[in-house]
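Shown next, in structure tokens, is the structure this report addresses.
Along the sequence shown, the residues carry numbers beginning at 1. Every number for a ligand or one of its atoms is a count from 1 in the order of the listing.
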Amino acid sequence: MSRCQKILLSQSRDSPPRLSVEDALVLYDEADLSELMHVASIQRRMRVPGNHVTYMVDRNVNYTNVCTINCQFCSFYRPPGHSETYLQTLDQISERISQLENIGGSRVLMQGGVHPELGLEWYTDLIHELRSRHPSIDLDCFSPIEIEGISEICGLPTKEVLKSLRDAGMHGLPGGGAEMLVDEVRLDVSPKKGSAENWLKVMREAQELNLTTSATNVIGFGESNLHRLQHMEKVRKLQDKAVAKDSVGFTSFISWPVMLENNSLGRRERGMNKYTLGIGSSEYLRHVAISRIFFDNIEHIQASWPTMGTKVAQMALFAGADDIGSTMMEENVVSSSGTKKTSASESELQLLISRAGFKPAKRDSDYNLLETDVIEQEIFAPPPTQPN
Ligand code: SF4
């Protein structure tokens, strides 16, 4: 029996041993994809028993596209002074959240760029007012780099910034901006974003303040499989610390491929890196399966339908994912990079799940199950334009 098969066998048992980075690399490099997905599915059922797959009714709000960080893979941001910059008002944001309330949503994901002029008070006033206008909606807002940006402007440590936001009513800090927590890769594509350590530090602080957090991972920068596992290892170690303190830590792990349209990283693709940037479906499924097996301390693995398409997202449910993501209603970051289908109705998500053979279960941001009304199902709407 090969080393790869021995590792797969040991990971198929009840209470499997923790997968080391070295063994994970063997699986990543050598395992048959169908066997890997099979083992990931076994682990999914051990960690999340039952046949349900969760989804959330939420919406995105991108309150500003002004950003000073200039990540090469970002098609969304505009530098300060650019003619296409915007900053939404409180009423505009509140109106969007009202639309979410009207469809029975439970959380808003509000993120933007690193705006060079908005002080802490602008953010705390916004959160405080949204909290009072929309008490039933969880406000999951910003990302570590935005928190660092606010910290620079107001001169307070990041933990104090987080505490002020939490006290104003912020519910969670989503895990955006992790991308690849390996500086060799990270600083190549986002030199101004700061080290992996910064992201981990702000997330640790958020978890210490009992904010709801998630972990993300963008792949396809031309990094090696080892880099991907080093990213996962850093997330797993931070999660160990949270669990040791009886905290939930990261609720979930979600990965997706880097988008290459309308950004300077994509233009690089036309040169020497043509064959190394981006990933295909089987590589994505391999990554999802490895993440399920690797994370023995993170309960939920999410599939990404906006970036991989609905069919691949369904396949990810057989590679260890137990959650299909959310309705989003509005999406401006991935869609800036050419992806056409970036919002879904609740019934569409239910159909996606049930057509894959699972039972849809509505959840909130903390993965608490909510009452699920199965809506009369409609065909998943195709994107507005289909490729020829
Ligand atoms: S990914 Fe975020 S931090 Fe980077 S340029 Fe875009 S908005 Fe700014």
Inset, instruction - Give me the ring orientation class for F250 and W199: parallel if the planes are under 30° apart, tilted from 30 to 60°, perpendicular past 60°. - result: parallel
Legend entry - Contacts of type ring pair (Phe, Tyr, Trp, His ring centres under 6.0 Å), residue F318, not counting sequence neighbours: F358
Legend entry - Hydrophobic cluster partners of I153 (side-chain heavy atoms under 4.5 Å): none
Inset, instruction - Going by the side chain to side chain contact (heavy atoms under 4.5 Å, CB included) test, name the single residue among N217, T216, V288 that passes it with W256. - result: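 Exactly one pass, corresponding to T216.
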Legend entry - N/O donor-acceptor pair under 3.5 Å between H134 side chain and R131 backbone: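 It does not hold such a pair.
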Inset, instruction - Not counting sequence neighbours, which residues clear side chain to side chain contact (heavy atoms under 4.5 Å, CB included) with S164? List them please. - result: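 In terms of side chain to side chain contact (heavy atoms under 4.5 Å, CB included), with neighbours along the sequence ignored, S164 is linked to L120, T124.
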Legend entry - Contacts of atom 8 (Fe) of ligand 1 with protein N/O/S atoms, counting only those under 2.8 Å: C67 SG
